[in-house]
**Q** 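The structure follows.
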Amino acid sequence: LLLLYMIYIFFDLRRNVNWLVLLSLLLPLVHPVGFFFAASMIVYLLLARLEMIEVDEISKESITLLVFFNVLIAFLLFKKAFLETGLGAVWQNVPTLLLDSYFRNINILEMISSVGVITIIFGIIGFLFALRAKKKSIYVLSAFVLTDFILLALKMVDFNTGLMIFGLLLAIISSIAFDKFVLYFEMTKFNRLKKPAAVAFIILIIASLGIPSLYAAEKTINNALSNDEYTTLTWIRDNTPKMAVVLANIDEGNYIAQIAQRKNVADSYFLLAPDRYGDISTVFTT
């Protein structure tokens, strides 16, 4: 929500510059998506330069300040991680054997099924309409989409997070095409069928987005902690020494810490943790 609001206020920066400065400090502290916003702003300046679009001074100064805040906060928050792991901190120090599962390659079919065919089609059409009009807003949104793709391709952002951002941006851009479509529809003889057409269109959107969402929800539920596993974790909590260390796979490590309230050998937080994934694999496969 903060990311979307920052994009919104950037379109009318003269009236909202104070909000942008405040949120530039807040967003990186709340979520790493703040650094994504800063990177997108740099890409926007490059796109504007390539297309010979004039960027006003207040935008340049705001972007400079925003990037400075993000670099400063990154060093303050992750100084120890950068000193210990170097550039590995960018990839959250995830073990090499797990990198492919944490940061997947771009999968076009999965992207279409997750974002929705309707959103993608109208998003592309809306993008072409706005590009022809040379609007500032479309270059800003294009910068975010391009940055998202670059980060996904370089495996510097989690696939699901990148996909979520891409879907939100495309939904915003698709509104341009929806507006054009409604105006064109009103000019035709089919205007009297406006309400049935709207209902049919809503059903189509629900079918294209709702069914994949239900499938994803069912998959999440099936992968959730079972009653037997929960009972085992509470047994560990009640029947083992407080100083006990429990060996489990990476995904179960967080359950050990939270439910069993015992130390684990490793969990899914890798940033400042030693790489024990190979040792765990050896134990379970020997």
Side-chain angles (χ1 to χ4, degrees), residues 1-13 16 19-20 23 27 30-41 43-44 47 104-153 156-186 194-195 197-220:
L1 288 173
L2 282 176
L3 174 70
L4 292 175
Y5 185 62
M6 283 182 74
I7 295 171
Y8 172 72
I9 62 177
F10 187 76
F11 295 151
D12 190 11
L13 196 55
N16 299 297
W19 273 109
L20 189 78
L23 293 176
L27 189 58
V30 174
H31 194 274
V33 77
F35 306 118
F36 166 76
F37 185 89
S40 300
M41 287 289 96
V43 173
Y44 163 65
L47 283 176
R104 287 179 280 161
N105 292 319
I106 296 172
N107 188 319
I108 301 298
L109 290 175
E110 189 175 351
M111 191 172 281
I112 292 170
S113 65
S114 298
V115 176
V117 178
I118 302 296
T119 310
I120 288 175
I121 291 170
F122 275 83
I124 292 169
I125 295 169
F127 178 77
L128 294 173
F129 272 123
L131 207 61
R132 191 185 300 172
K134 283 187 175 280
K135 290 183 177 180
K136 171 190 171 182
S137 57
I138 198 61
Y139 286 103
V140 174
L141 292 171
S142 299
F144 279 92
V145 172
L146 186 59
T147 306
D148 193 37
F149 264 99
I150 292 169
L151 294 177
L152 280 170
M156 294 177 72
V157 66
D158 172 65
F159 183 77
N160 292 323
T161 304
L163 205 61
M164 180 182 67
I165 293 169
F166 176 70
L168 287 169
L169 293 170
L170 213 59
I172 295 167
I173 298 170
S174 66
S175 64
I176 300 166
F178 278 119
D179 186 49
K180 298 282 185 184
F181 178 74
V182 170
L183 288 172
Y184 177 76
F185 195 82
E186 288 175 348
K194 193 174 179 179
K195 287 184 179 179
V199 172
F201 197 71
I202 289 167
I203 292 169
L204 187 64
I205 290 173
I206 290 170
S208 66
L209 290 174
I211 293 170
S213 298
L214 289 171
Y215 173 75
E218 187 181 2
K219 187 178 177 182
T220 302

**Q** List in chain and number order the residues that pass side chain to side chain contact (heavy atoms under 4.5 Å, CB included) with Ile203, two or more places apart in sequence or in another chain; answer none if no residue qualifies.
**A** Val199
**Q** With sequence neighbours left out, what residues match Ile125 under side chain to side chain contact (heavy atoms under 4.5 Å, CB included)?
**A** Ile121, Phe129, Ala177
**Q** Could you state the interatomic distance from CG (Asp148) to CG (Leu170), rounded to the nearest 0.5 Å?
**A** 10.5 Å
**Q** Output all residues satisfying side chain to side chain contact (heavy atoms under 4.5 Å, CB included) with Thr147, sequence neighbours left out; order by chain, then residue number.
**A** Phe36, Ala39, Ser40, Val43, Leu151
**Q** Is there a side-chain contact between Val140 and Phe11 (heavy atoms, below 4.5 Å)?
**A** yes
**Q** Please list, chain by chain and in numerical order, all residues satisfying ring-ring contact (aromatic ring centres under 6.0 Å, His included) with Phe178, sequence neighbours excluded.
**A** Phe122, Phe201
**Q** Going from CD1 on Ile138 to CD1 on Ile176, what distance comes out if it is rounded to the nearest 0.5 angstrom?
**A** 4.5 Å
**Q** Would you compute the distance between atom CD1 of Ile7 and atom CG of Leu20 and round it to the nearest 0.5 angstrom?
**A** 11.0 Å
**Q** What verdict does the side-chain contact (heavy atoms from CB on, under 4.5 Å) test give for Leu4 and Ile172, after you've listed the backbone C-alpha separation in whole Å, the side-chain angles of each residue and the deciding distance to 0.1 Å?
**A** CA-CA 10 Å; Leu4 292 175; Ile172 295 167; 3.7 Å; yes
**Q** Under a 4.5 Å cut-off applied to non-hydrogen side-chain atoms, are Trp19 and Met6 in contact?
**A** no
**Q** Going by side chain to side chain contact (heavy atoms under 4.5 Å, CB included), name the residues that satisfy it together with Leu2, two or more places apart in sequence or in a different chain.
**A** Leu23, Leu26, Leu27, Val30
**Q** Can you check ring-ring contact (aromatic ring centres under 6.0 Å, His included) on Phe166 and Phe149, steps first, answer last?
**A** CA-CA 8 Å; Phe166 176 70; Phe149 264 99; 5.3 Å; yes
**Q** Could you tell me the separation between the CG atom of Leu141 and the CG atom of Leu169, rounded to the nearest 0.5 Å?
**A** 6.5 Å
**Q** Salt bridge (Lys or Arg N to Asp or Glu O under 4.0 Å): which pairs involve residues 2-12, sequence neighbours left out?
**A** Asp12-Arg15
**Q** Only counting residues at least two apart or in another chain, list the ones meeting ring-ring contact (aromatic ring centres under 6.0 Å, His included) with Phe35.
**A** none
**Q** Take atom OH in Tyr5; do more than 12 heavy atoms of anything else shown fall under 6.0 Å from it?
**A** yes
**Q** Might you point out which heavy atoms bring Gly123 and Ser174 nearest each other, and give the distance in Å?
**A** N-CB, 3.6 Å
**Q** As an exercise, state the distance from CZ of Phe10 to CZ of Phe37, rounded to the nearest 0.5 Å.
**A** 6.5 Å
**Q** Go through the structure and list residues passing side-chain hydrogen bond (donor to acceptor under 3.5 Å, both in side chains) with Ser175, not counting sequence neighbours.
**A** none
